[in-house]
Amino acid sequence: MGYRRYAFIAVVVGVLVLVVTLVGASQVPPLTIVASMAATTLAVATPLTLGALSGVFCERSGVVNLGIEGMMLAAAFSGWFGSIYASAILGFPPLPSLLIGVVIAVATGAALGLLLAALAVTFSVDQILAGTVINLLAVGLTGFFNRQLFFGSGSVFGGQVPHAPGVLPRLGVPLLSDIPVVGPVFEQQPIAVAAVALVALTHLVLFRTRWGLRARAVGEHPRAAATVGIDVARVRYVNVVIGGAIAGLGGAYFTLESVPSFEPLMTNGRGFISLAAMIFGDWTPFGSWAAALVFGAAQAFQINLQLFRDQIPPSWSFLQQSSVVGLVPYLLTLLLLTGVIGKTTPPAADGLPYEREGRR
Amino acid sequence: MREKLIRRLESLLRRLRPLLLPALSVFTAMVLGGVLIAVAGGNPLEAYAGMLEGALGSPRAVSETLVWATPYILAGLSVSLALKGGLFNIGAEGQLALGALSAAWAGHWLPQLVGGGLPAALHVPVTLLLGALAGGLWAAVPGWIKARAGGHEVISTIMLNYVALNAVSFLLNGPMKDPEASNVLSRTPLIDESARIPALVDGFRLHWGFPLALLAAALVGWALRRTTFGFEIRTAGQSPDAARYAGVRVSRTVIATMALSGSFAGLAGAIEVSALHHRHELGFSQGYGFDAIAIALLGKTHPGGTVLAALLFSVMRSGATRMQYLTQVPIDVISIIQALILLFVAADALVRRIYRVRGEGERLVLTRGWGG
Amino acid sequence: GCNSSKKADCASPEVFCVGLVTDMGKIDDKSFNQSAWEAIQRAQKELGATTQYIETTDPKDYPKNIGTFAEERYDVVVTSGFGLTEATRAAADQFSGVKFIGIDQFQIATKPNVVGLVFPEDHGGFLVGALAAMMTKTGKIGAVLATDAVPPVWRFGEGFRAGARHVKPDIELSVVYHNDVGFDKTFTDPEWGKTTAVSMIDKGVDIVFGGGGKTGNGALLGAATKGVYAIGVDTDQYFTVPEAQKVLLSSAVKLISDGTFDLIKSAKEGKLPAGNFQGKSGYAPYHDLDAKVPAEVKAKMEELRKGLLDGTLKTAVPPAKGP
Amino acid sequence: MTAVLEARGITKRFSGVLANDKVDLDLRKGEIHALLGENGAGKSTLMNILYGLLRPDEGALLRSGRPVALRSPSDAIALGIGMVHQHFMLIPVFTVAENVVLGAEPVRGALLDRRRASAEVRELSARHGLDVDPDARVEDLPVGVQQRVEILKALYRKAEILILDEPTAVLTPQEADELFRVLRGLTARGVSVLFITHKLREVLAVADRVTVMRAGRVVGAAIPAETDERGLAAMMVGREVALQVSKAPASPRDVVLDVQRLGVAGRRGSGADVVREVSFSVRAGEILGIAGVQGNGQTELCEAITGLSTPRAGRVLLRGRDVTGALPRALIERGVSHVPEDRQRHGLVLSYAIADNLVLCTYYKAPFAVRGVLRDDAREENARRLIKTFDIRAPGPETPASALSGGNQQKVILAREMSRPVELLVASQPTRGVDVGSIEHIHREIVAARDAGAAVLLVSAELDEILSLSDRIAVMYRGEIVATRDAGAVSRTELGMLMAGVLPGEEAPPPGEEVDA
Ligand SMILES: Nc1ncnc2c1ncn2[C@@H]1O[C@H](COP(=O)(O)OP(=O)(O)OP(=O)(O)O)[C@@H](O)[C@H]1O
Ligand SMILES: Nc1ncnc2c1ncn2[C@@H]1O[C@H](COP(=O)(O)OP(=O)(O)OP(=O)(O)O)[C@@H](O)[C@H]1O
Ligand SMILES: [Mg+2]
Ligand SMILES: [Mg+2]
């Protein structure tokens, strides 16, 4: 991703933070506001970052993943169920139960990745359609099993939902997290930390390793990759399954790290925003992360403006309407799509099925 | 004489052949759905029988099913038409909501604006037209973005869905909220009597919107095959490059296709308001856009197929209530079955393998990657 | 929820049938649909009623779903949610032999066979608002709520505001609604609720009132992670959000289940009232934090509660948000 | 002596097409073996089978006498087989080094060793005299250099057998000679080369042996010393072929197309223009040939003239009227016909019936449409007539264009473009990838258009085509017209030099230099 795009993102985030700081300055010390905005931004960005990385993994190898939303939702559910089952039925202590939940969530994501790969690679199904199928399926299945497993006398827990084992604990950076006011920024939960680590790791894998070179080759020109002995289908399968697993981790964030409960449809379209973040980030890990932070900052902006609604002059009061400021991420994405902030270039073969004996 | 008959029969079979795989897909999905119903402690046969009874068991049931079918046909048509033009319109949801919103406006505020009531012969068409227009304009935006910068319509329509839903929420909570003192809901006032589409048969909810939707499907089918504009849409959809080289203004066609597509979704919303709810109430249209995608794909983007698929979905949705009443099976089963139908229609190689149907699969190519 | 006697002859006087039509939510929403269903299940146990539910997936099915029960000659049809107000009243005209109980449905005019079970949510909100204002140390309190497009939510929120101002006029108040997502999502976004609560707490808020399905629960969890007091909504959330027990000061409650059951019972006895029936809204026990609440606060709370009950105290919150 | 590679009885079917029919072929150590055949004869299919990209339905492959099964290209690579494909198999956004090492990358620990990759490619290119910068991005390189990268890819994998599918199609005669020098060097080291070409001249010059295929079968073999072009062509097509078009001298009349100082920006919008200061004119009744190696701005020039892109500078006049920046349809209405370079992508809607493709530019006008409604009878009548006059070999008007052979697809386009009054015909690579028989037909049609009074702008990279059809010849190099000559007054060698950018009295530019995009 070009520097212009990063600069644009930095300016947007800067403006959002500045506005809130100015508005709230009379009530709360600026540093507190900035630290709080940063914390919100990071929290909101976590599932978006993971979703976007899932997209990067899949699409760099040439498979469009429109099913991130469904993968996250299904993983949020299965991980949550797994953690409760481990703690309530199997009697594990909270932390191991949560970790079991995370593993199950990641496995669920990977399994849906496998389904996407099977549809897209083996059956050459239109990939956008395949993603849509996964989304619909995830909504139906989580709703169905949520009912089956948790509700009514015949369910696994006999109608009484046992207590969830809580959420993943915070991990602090020893010295930094003790600093007053800004300290909490350095105290994060494991999935949030993993998201940032995965950004770097994904970058490393895609751009510095043999596998990454091959995966990108497959995403750019699968036939060329095939002619040097690369197994296109295998590369795509592996990448899509990894992508699914990452989306699964993003799903785990909702029920194992953020709040210990599952709700039907609780991902609330964040999978689609992830996809927008990935495009915004020009299919690069760091770019996607930066874009996820923009979306996070936009949400922090919206929450904070409502908090300081008394400080907003009446003529600007429409800004308090969360339905107005809530539009910021969507409008930014639309703006991006019109090409005014530079063009994005997807991998050349992104979304195109590859047939071994086909012509192109 | 006999030869002629045989030839007729053969041609009929040939014409029915495209229905074979979708039928098998539906069947397979129902079988799997039946397994889930059994898991949920229900009796699949009883459940499906209940569904059929609920959807088609009485004149009233049929009427209700067709009430469901009306927006499904139009929204499905919206998605189908766009797909014919090589565009994947995920934005039917937002377009429909805005169509409903402007119909609600036209039904209530327009007469005030022009000072006095309007005759129904004028008011109804104007209401529907404004709904279609709103949906069309909203859909033209992603068309323009695509034509201008190649920004993919899948992302832009998803974003515009959010924008539309937020805007509707804002308006129904604010400027367009029913000012009636007793009103506690986010909804517009009732539209005037003159703006309401009448019922088709007295005592039933089935309304003239249904034949209108069928007419629209017929019209789209005809226009796509028989008009120069339809030719342009198809050509730009099949091969935008070749179309451009042949002198078709592809950008304009893309925008026009999206606008037309959106206007059908908008019309669907307007009809719901004008014929059924008589007002726009927050959240009445949730999920139609996504059902519409499934319907269009199940109908293989043919207008006729879309109508059939819409009817199938209506039967499921409308019959679900009775199914649940009789067997207490979670309604989510319906969503799962619909997803499975879509899955099998998309991956028809799978269905071919299961039932050993021979022949080449015509691949459903909808999108050409993000690049457009 | 399976019921073997589904073919029961509801028309016969011996068989007492109660049906529930939910709003767009599901029967297991841990919120008002579920509360209503619990009441009906209780009616099955205690009154021997034949029971059944239908979940609505689209508003246009309201009449059909209500009609399904009415045509089977159910004795009582409970419709949960203000969204069904008009459909319920229309059905009451059509099926004069059936009794209807509409939860959260304010009746502007009385119909003989419909009773609206309504709650003064502003009272509950007022009480916990006052509690929060008295208990805060920083002088800053906040509310994290689902959409204000839903009147009960709005009344809870505005009641909270009024109550806090009532005891402490200069209190710093943040009331945030979640209007920026679709209508179906505003109650099911715990992630947002938590994030928003945490953001408030970062700015000095030390008591968070979370209201509106899962979104509100998220706010309680946010308070729990930050170790500040939380106040729940609808039911005594000490039992529904166990993770927040340590910090849960109280809840603004609305006794849907009790109110519904009482009405079903009156219906069985042939004494169902018409018009509006006021359910109870108040505040829940302090539970674990009982020792932390000073006696004078407890006394003041009781005083306020009595005042609201006997009408000497008014919240000044209108039934709905103006346009 | 056993062959290093042998195919025995190879049969390959694609749905309905018998692409290879019991093909036998053997390649001996150190030889250059040419494979000839008309378009669609099955040459590429056979090569792809030898490289493991396709699996034969029947038959066996032997490597140095031992039967082998090639499940994928990696098996072929392991057996020392390398291939340069008809369409380059390079990843445009990767560097040369990345492209070369892809699939056999040097690593250090878990990470790619880019430095070593670069160094190895540099060393390899020096050893074989294939000059190329390992760190350049492939998309920035001219095709001639890209081809070197392709050969380096094979050599990097230590190929002992090198298969080249039409390697010279995109090269100037000088570049082709350079390639053959490299190939000779390789065979001297024991490498065996199997190559496909349509240029009979080359076969005679460099091959040790020739095998000819037709309709999926091997129909003959020859030793260059014992045959000539005419004989090879007859063997390929199965009849005598006129290799030269017969045409009367031109009688040019008024100027139809006048291009004045045209400048066209590159696709990426930045950098130097890809067409610079180009001026020329074409008269009614004459053919102006534009010669040049692919990628020197011809495509962009044609697009600007036909309204498909807007020039950045200069003017285009049609019969004296300024039509710069006019829309394609406006130009079509004024009698401009265009046979685009990429016939499958730009010339046809492959999924459409022939009849629809034949009205692709005129569907909206009478008699094909009346008040916006299509008229089926007119469309079908038109198709029947054109299929007959242009000798399009197809089952019927409703056959989809995708089912036609390359030559017949081209005839459909020509039929469409010539079936309305033609003032100006812009024909871009009209015979690329078309079999010899169809070339004959297409050339005759182009000359007929000229004789009927059309101005013809013929763009071709094929020297023989340019020389035999044009009345005048302009040479394009790096976006400029570097020379214009009368067709009779220029030699092949001179044209080849001009196409390579060698102006009279200059030295050849160093190989490997980049075209600034
Ligand atoms: N993937 C494919 N699917 C279907 N048909 C194919 C495929 N590849 C090749 N064919 C058909 O097989 C036949 C042989 O094609 P092939 O590409 O081998 O010809 P060729 O001799 O290389 O021609 P050219 O001179 O154009 O390179 C043609 O009729 C072609 O249409
Ligand atoms: N998938 C396919 N199935 C059947 N026939 C095909 C297919 N693709 C192409 N063909 C036909 O086969 C013909 C011969 O194939 P061939 O590869 O020689 O085409 P071509 O026009 O020379 O293109 P290229 O430049 O790729 O060689 C094509 O012109 C085309 O009409
Ligand atoms: Mg070939
Ligand atoms: Mg070819």
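Quantities reported herein were computed from a predicted structural model and do not represent experimental measurements. Residue numbering restarts at 1 for every chain, and letters A, B, ... go by the order of the sequence lines.
- D/Arg108 does not touch chain A: none of its heavy atoms, backbone or side chain, sits under 4.5 Å away.
- No hydrogens or angles considered: a donor-acceptor pair under 3.5 Å links the side chains of D/Asp165 and D/Ser44.
- At a 4.5 Å heavy-atom cutoff, D/Ala76 makes no contact with chain A through either its backbone or its side chain.
- Using a 4.0 Å cut-off between charged nitrogen and carboxylate oxygen, D/Arg137 and D/Glu98 do not count as a salt-bridge pair.
- Within residues 231-244 of chain A, no residue has any heavy atom less than 4.5 Å from a heavy atom of chain D.
- Both the backbone and the side chain of D/Leu111 come within less than 4.5 Å of a heavy atom of chain A.
- In this structure, the side chains of D/Gln409 and D/Leu348 come closer than 4.5 Å at one or more pairs of heavy atoms.
- Listed in order of number, the residues of residues 198-215 of chain A that approach chain D to under 4.5 Å between heavy atoms are A/Leu204, A/Phe207, A/Arg208, A/Thr209, A/Arg210, A/Leu213, A/Arg214.
- D/Asp133 has its side chain out of reach of D/Val96: every pair of non-hydrogen atoms, C-beta onward, lies at least 4.5 Å apart.
- Between D/Asn48 atom CG and D/Thr45 atom OG1 the span is 6.5 Å, to the nearest 0.5 Å.
- Salt-bridge annotation for D/Arg114 and D/Asp135: absent, with no side-chain N of the basic residue lying under 4.0 Å from a carboxylate O of the acidic one.
- The pair D/Arg116-D/Glu120 meets the salt-bridge criterion, since a charged nitrogen lies less than 4.0 angstrom from a carboxylate oxygen.
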message: Checking A/Val294 against A/Leu332 for the side-chain contact (heavy atoms from CB on, under 4.5 Å) test, could you report, in this order, the C-alpha distance in whole Å, the side-chain angles of both residues, the deciding distance, and whether it holds?
response: CA-CA 9 Å; A/Val294 173; A/Leu332 277 179; 3.4 Å; yes
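- Residues A/Gln188 and A/Leu171 are not in side-chain contact: their nearest non-hydrogen atoms beyond the backbone lie 4.5 Å or more apart.
- For A/Phe280 against A/Arg5, the heavy-atom pair with the smallest separation is O-NH1, 2.6 Å.
- Distance CE/D/Met47 to CG/D/Asn20: 8.5 Å, rounded to 0.5 Å.
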